[in-house]
Amino acid sequence: MAGRPTRRDFLSRLGVTAAAAVGGSAAGLGLAGIARAEEKPKGTIPDKPFKIGHMTFFTGAGAVLGEPMFKGGLLAADEINEKGGLLGKRKIELLKADEAAGTDANTKEMRRLKLSEKIDMFMGITSSGNTPALGPVAEELRLLTMFIDGCTDFLFDKAVPNPHYIFRITNIQSADGSTCALGVAMTWPDVKKVAHIHPDYSYGRNCFDHFSIVTKKLLPAAQNVSEAWPKLFSTDFTPHITKSLAAKPDLLVTSLWGGDYVAFYKQALQHGLFSKMKVATTLALGSAPQSIGKDHPEGVLTGCHANYHFSYPAGNRWPLNKTFVERYKAKFNEYPNFQAEGAYTATYVLKTAIEKANKLMGGWPDDDAIISQMEGMMYPGPGGYVYIRPDNHQGYKDAITGFSKNVPEYPFPILDPARIITIPIRNITAPPGWPKGDPTSTYTWIDQTWPQVKAT
Amino acid sequence: MDILVIHLFNALLYASVLFLIAGGLSLIYGVMRIVNLAHGNLYALGAFATASAVGQWFGGSNSVWLYFLLPTGAVAAAAIGAVLEPTLLRPFYRRPEEYQLLVTFGLLMILEDVMRFIWGPYPVSATVLFEKMGSAQIGEFIYPRYNLLVIGIGGLAAFLLWAFIYRTRFGVVLRATSQDMRRASALGINVNAVYVQAFTIGCFMAGLAGAIVVPGQSAVLGMGVDALVLSFIVVVIGGLGSLEGALVGALIVGLLREFAISTFPELELAVLYLIAAVVLLVRPAGLFGRTT
């Protein structure tokens with residue numbers, strides 16, 4: 001067919017780039033955040049605390065993500081409180097709630113926090129099973145809400161298609177599978193046989209769907225030869241590894257994360273899996289950087305939720321990241337993950353919106369004024385610019401992935417600074433005005449608008 | 001052919017661990033008629049304790065002696081069991097079953113929080129034991145030797161338990177108490193002592209399961225509840241209170257899971273519940289259960 005682009009043409013049209021991150025220390029650039037003069041707020045500001053209900057996993061296997069999320073929020077709150085609080089007056093007070101209580105209990109807890117504890121804002125959530133249940137409740141309660149994760153496309157595609165009170169800061173879920181597939185198309189365009197191991201819940205399904213639709217467009221010769229769907233939070237992957245080995249694929253794609261991924265790669269090593277095939281992951285380096293050991297093979301496409309890895313942007317290229325990582329490390333003696341960055345950034349998005357609204361109206365702004373300032377905001381967080389889309393209240397930031405590499409500075413692998421892959425987020429997510437689709441709007445958008453590249 | 005052998009090993013690996021957990025649960029129920037919901041977290045505790053001993057206290061060591069630390073988890077779980085039975089459970093034997101369920105369920109949650117308190121939210125591992133043994137060549141594939149050790153321990157435990165219960169004097173006492181507690185007591189058997197011993201052995205088995213699992217996998221919060229659900233499936237299939245049932249149930253679950261994953265991957269989660277449902281319909285007391 002004439003007019004079909006080649007893979008390389010289309011990838012460059014998408015803006016998928018592998019760039020060497022210039023590291024090192026550019027002397028004289030050691031700024032501590034954006035040094036902006038603190039302006040005096042207009043009008044009288046009450047000094048009662050600003051209560052944020054922070055719900056995430058504090059118990060159970062999900063705590064591996066929940067703890068860093070809370071710590072990110074706590075760091076931001078402490079920094080703001082040290083300077084007197086929001087608008088210099090209202091100290092942020094965090095109320096913890098455990099997401100592990102279950103979806104039903106979580107919705108009740110959200111009501112209780114709003115009605116009894118009188119929280120001013122709700123923040124948090126890790127699980128994609130919880131945001132679609134809590135979103136409608138927050139709208140009903142008129143509760144200003146910033147979901148940190150729980151990144152399912154379903155929330156703003158179907159559950160709350162026209163959000164007013166709820167926002168979400170980390171990247172939309174479909175970007176994960178698409179980013180992984182683009183990384184593969186760019187790095188290993190010759191793969192023919194693909195095996196999959198994904199946790200059997202919405203995240204795993206979503207990664208599988210979007211990886212598959214992107215490879216259908218960009219790697220027409222690739223086909224799936226094996227699928228395995230282990231239960232979320234299981235740690236025995238022996239049968240899944242055996243099955244993948246038996247299918248003799250060129251590439252294994254997995255969206256396992258947290259303790260699951262740690263158990264998986266240790267077992268896969270003893271089965272010689274990494275030496276028999278290439279491996280691409282969506283969230284391997286995402287949950288807790290220090291949980292992966294140096295025995296992890298190098299050169300694996302190791303995703304970080306297409307979102308944030310503390311090692312990028314490196315050095316002094318993006319001072320906001322340098323100071324964030326240093327402060328987080330100093331306070332908690334560990335390195336932040338994408339959720340820590342999400343909660344940290346979300347808190348500053350809130351602070352900025354409140355300050356802007358105050359500048360316009362004076363006094364403490366009401367929720368609608370804060371919301372109108374958050375809509376359309378472009379905020380520079382540690383991981384880069386995040387844009388809050390006004391129509392669906394979703395935060396978007398350019399997707400990144402990369403390859404595992406051991407460097408002497410850290411006792412665990414990081415993303416190879418010389419081979420970071422970045423993708424402009426607008427080129428891999430359904431744009432405003434695109435009709436809601438199934439399984440996701442992004443899926444139908446890719447399916448209907450991306451060209452089928454020439455088989456090479 | 002090689003791949004069939006590996007599939008069989010995988011099934012036996014899973015069954016060995018399940019047998020230890022479900023066997024302990026069944027032993028306790030068989031003797032004391034108590035469904036110990038905290039059992040799952042005694043398994044998890046075994047995993048965390050061994051991970052601590054191997055991975056943290058002696059972290060960095062590469063000595064063969066580390067393998068002798070493997071039973072740490074089993075001993076820790078047994079010690080906790082020996083304390084729990086006389087203090088927490090004994091007062092509830094005369095009460096209706098609901099009380100026992102509430103107490104053991106509460107204990108399950110308390111133990112979960114205790115583990116979080118001690119070990120924190122991140123996975124704890126003892127992979128040095130898993131990696132040190134390397135892998136064996138099976139045809140064109142390689143297979144971790146440690147997994148074979150786990151299968152061996154599972155088989156040995158099943159044999160020792162059988163010998164203990166059917167070939168020793170204490171086994172006779174245990175079976176007598178299990179069949180009729182009042183009459184055994186009238187014959188001069190110290191029922192309280194038998195109970196605490198049976199409970200301790202049951203906890204030891206759970207802890208041992210956690211201990212042998214942790215080098216190849218890792219200790220994570222929430223693993224206990226998952227294990228509890230799985231061991232209930234095993235005892236539903238095999239029959240609650242029967243050790244033979246636990247063994248056969250574990251083998252059935254291990255083989256079916258392996259078969260499902262390799263042929264109908266989407267059924268991995270459903271297949272175990274399906275077989276449990278079928279057994280409940282056909283033989284409500286389980287394959288080896290006593291119909292009372």
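By convention in this document, chain letters (A, B, ...) are assigned in the order of the sequence lines, proteins followed by strands, and residues within each chain are numbered from 1.
Proximity to chain B is limited to the side chain of A/D295, based on heavy atoms less than 4.5 angstrom apart. Both the backbone and the side chain of B/S135 have a heavy atom closer than 4.5 Å to some heavy atom of chain A. Both the backbone and the side chain of B/I142 come within less than 4.5 Å of a heavy atom in chain A. For a residue to count as touching a neighbouring chain, one of its non-hydrogen atoms must lie under 4.5 Å from one of that chain's; by this rule B/L267 does not touch chain A. For B/P265, the parts lying near chain A are the backbone and the side chain together; criterion is any non-hydrogen pair under 4.5 Å. Contact annotation for A/V262: neither backbone nor side-chain heavy atoms come within less than 4.5 Å of a heavy atom of chain B. Contact annotation for B/R145: neither backbone nor side-chain heavy atoms come within less than 4.5 Å of a heavy atom of chain A. Of the two parts of B/D113, only the side chain, counted from C-beta on, holds a non-hydrogen atom closer than 4.5 Å to a non-hydrogen atom of chain A. Interface residue A/A288: only side-chain heavy atoms are found under 4.5 Å from chain B.
When each of A/A263, A/P239, A/A63 is checked for heavy-atom pairs under 4.5 Å with chain B, A/P239 comes out on top. Of the residues considered (A/F57, A/F58, A/F264), A/F58 shows the highest number of contacts with chain B, using heavy-atom pairs under 4.5 Å. Contact tally against chain A (heavy-atom pairs below 4.5 Å) for B/V220, B/D226, B/I6: the top residue is B/D226. Among A/A228, A/G258, A/S287, A/A246, the residue making the largest number of heavy-atom pairs under 4.5 Å with chain B is A/A246.
Taking 4.0 Å as the cut-off between side-chain N and carboxylate O, B/E140 and A/K248 count as a salt-bridged pair. In this structure, A/R205 pairs ionically with B/E266, as a charged nitrogen and a carboxylate oxygen lie closer than 4.0 Å.
Atoms CG and CG, on B/D2 and A/L245 in that order, are 12.0 Å from each other to the nearest 0.5 Å.
The two atoms that bring A/E334 and B/Y122 nearest to each other are OE2-OH, 2.8 Å, heavy atoms only.
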>> As a quick check of understanding, evaluate side chain to side chain donor-acceptor pair (under 3.5 Å) for B/N10 and A/T238, giving each step before the final call.
In response: CA-CA 6 Å; B/N10 289 348; A/T238 322; 5.0 Å; no
>> For B/F130 and A/Q270: C-alpha separation, side-chain torsions, deciding distance, then whether side chain to side chain contact (heavy atoms under 4.5 Å, CB included) applies.
In response: CA-CA 8 Å; B/F130 180 63; A/Q270 295 302 312; 3.1 Å; yes
>> Run the salt bridge (charged side-chain N to carboxylate O under 4.0 Å, His left out) test on B/E258 and A/K243 for me, step by step, so that the C-alpha distance in whole Å, both residues' side-chain angles and the decisive distance to 0.1 Å come before the verdict.
In response: CA-CA 9 Å; B/E258 187 68 25; A/K243 185 179 183 191; over 6 Å; no
>> Let's go through B/M223 and A/T235 carefully: what are the C-alpha distance in whole Å and the side-chain angles of both, what is the deciding distance for side chain to side chain contact (heavy atoms under 4.5 Å, CB included) to 0.1 Å, and is it a yes or a no?
In response: CA-CA 9 Å; B/M223 69 188 290; A/T235 44; 5.6 Å; no
> Does the pair B/E131 and A/K266 meet the rule for a side chain to side chain contact (heavy atoms under 4.5 Å, CB included), with working shown?
Replying inline: CA-CA 8 Å; B/E131 285 153 6; A/K266 299 265 185 197; 3.6 Å; yes
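For CZ of B/F259, the number of neighbouring non-hydrogen atoms (other residues, nucleotides, ligands) closer than 6.0 Å is 12 at most.
Between the side chain of A/K231 and the main chain of B/L269, no donor-acceptor pair closer than 3.5 Å is present.
Residues B/S262 and A/T242 have side chains not in contact (no heavy-atom distance under 4.5 Å, counting atoms from C-beta outward). In this structure the side chain of A/H271 reaches within 4.5 angstrom of the side chain of B/P144, judged on heavy atoms.
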